[in-house]
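This report refers to the structure that appears directly beneath it.
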Amino acid sequence: MAAATTKKTARKKKDPNAPKRSLSAYMFFANEQRDIVRAENPGIAFGQIGKLLGEKWKALDEAGKAPYEAKAEADKKRYELEKSEYTKSQA
DNA sequence: ACTATGATTGTTGGG
DNA sequence: CCCAACAATCATAGT
């Protein structure tokens, strides 16, 4: 299997203005974990961190995700704004 | 109306 | 520079 291109996230602009998307709770969570996990695991490889993070992510309680979800919400609003322009411009 | 998809978001670390 | 697991997202299009 040489061709491991796996173009899952093939950057394909489908929208004219492409308001992009909003971040995910994971993105905010990762922002903190990146500091924590990596701090506790100095020199940890991305392969391990990725999986380890995911496990911990779900290991968190609702309250744990709360701050991250909250950020995701705020970010979504950010996207809404972009979309607003995008839709307007599109019309 | 509903569903399914696609595109995107950000992290890590190295060839 | 880009990729890949990891998770969420969630707006849009299509039927």
Side-chain angles (χ1 to χ4, degrees):
Chain A
M1 300 3 180
T5 15
T6 355
K7 357 146 102 131
K8 270 176 177 117
T9 50
R11 308 159 293 308
K12 237 161 60 159
K13 239 194 207 163
K14 112 173 142 50
D15 292 306
N17 301 45
K20 312 289 204 229
R21 205 152 217 92
S22 50
L23 271 70
S24 264
Y26 193 90
M27 303 295 90
F28 309 98
F29 161 82
N31 264 278
E32 301 272 0
Q33 285 298 320
R34 153 204 73 154
D35 269 58
I36 316 304
V37 178
R38 209 195 155 195
E40 302 199 309
N41 304 286
I44 184 167
F46 139 58
Q48 305 347 304
I49 242 186
K51 294 175 178 183
L52 177 68
L53 235 99
E55 281 184 69
K56 298 220 172 197
W57 162 246
K58 285 190 183 163
L60 289 166
D61 294 331
E62 286 174 61
K65 301 187 321 161
Y68 312 107
E69 286 181 314
K71 265 266 168 208
E73 266 183 78
D75 188 276
K76 184 211 158 250
K77 277 162 192 166
R78 183 93 229 132
Y79 168 80
E80 269 186 62
L81 194 82
E82 296 174 55
K83 191 197 65 178
S84 190
E85 262 188 81
Y86 148 73
T87 304
K88 186 173 112 208
S89 200
Q90 180 180 78

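Comparing A:Glu73 and A:Glu55, the nucleotide of DNA chain C nearest to each residue sits closer to the 5' end for A:Glu55. In terms of position on DNA chain B, the residue among A:Ala45 and A:Asp75 whose nearest nucleotide sits closer to the 5' end is A:Asp75. Of the two residues near DNA chain C, A:Arg21 and A:Gly54, the one whose nearest nucleotide lies more 5' is A:Gly54.
Picking from B:dT9, B:dT12, C:dA7 the nucleotide with the shortest atom distance to the side chain of A:Lys58 gives C:dA7. When the nucleotides C:dA5, C:dA8, C:dC10 are ranked by their closest atom to the side chain of A:Trp57, C:dA8 comes out on top.
In this structure, the CD atom of A:Glu82 is 13 Å from the P atom of C:dC10, given to the nearest Å. If you take CG of A:Leu53 and P of C:dA8, they are 12 Å apart, rounded to a whole angstrom. When the C1' atom of C:dT9 is taken as reference, atom NZ of A:Lys83 falls 13 Å away, rounded to whole Å. Between A:Lys77 atom NZ and C:dA11 atom C1' there is a gap of 17 Å when expressed in whole angstrom units. Protein atom NZ of A:Lys20 is 19 Å distant from nucleotide atom P of B:dG6, rounded to whole Å. The CD-C1' distance, from A:Glu80 to C:dT9, rounds to 12 Å in whole Å. In this entry the distance linking CD1 of A:Ile49 with C1' of C:dA7 reads 15 Å, nearest Å. The nearest whole Å value for the distance from the CZ atom in A:Phe46 to the P atom in C:dA5 is 8 Å.
The rotation axes computed at either terminus of the helix from B:dA1-C:dT15 to B:dG15-C:dC1 lie 50° apart, taking five pairs at each end and rounding to 10 degrees.
Using a 4.0 Å cutoff on non-hydrogen atoms, the parts of residues 24-39 of chain A near DNA chain C are A:Ser24, A:Tyr26, A:Met27, ordered by number.
One distance of note links CD of A:Gln33 with CZ of A:Arg38; it measures 13.5 Å at 0.5 Å rounding. Here the CD-NZ distance, from A:Glu73 to A:Lys77, works out to 5.5 Å after rounding to the nearest 0.5 Å. For the atom pair A:Tyr79 OH and A:Lys20 NZ, the distance stands at 10.5 Å (nearest 0.5 Å).
When all heavy atoms of A:Ala72 and A:Ser24 are compared, the pair lying nearest together is CB-C, 4.1 Å. Minimum interatomic distance between A:Glu82 and A:Pro19 (heavy atoms only, all atoms of both residues): OE1-O, 3.0 Å. Nearest heavy-atom pair, A:Pro42 versus A:Ala39, reported as atom, atom and distance to 0.1 Å: CD-O, 3.8 Å.
Hydrophobic cluster membership for A:Leu23: A:Tyr26, A:Met27, A:Phe28, A:Phe29, A:Val37, A:Ile44, A:Ile49, A:Leu52, A:Leu53, A:Trp57, A:Leu60, A:Tyr68 (Ile, Leu, Val, Met, Phe, Trp, Tyr linked by side-chain heavy atoms under 4.5 Å, directly or transitively).
For A:Glu69, the salt bridge (charged side-chain N to carboxylate O under 4.0 Å, His left out) partners at least two apart in sequence or on another chain are A:Lys65.
Residue pairs that meet the ring-ring contact (aromatic ring centres under 6.0 Å, His included) test with at least one member in residues 34-53 of chain A, sequence neighbours left out, do not exist here.
No contact: A:Leu52 has no heavy atom under 4.0 Å from any strand.
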Please write out each protein N/O paired with an N/O of nucleotides 3-5 of chain B under 3.5 Å, distance rounded to 0.1 Å.
none

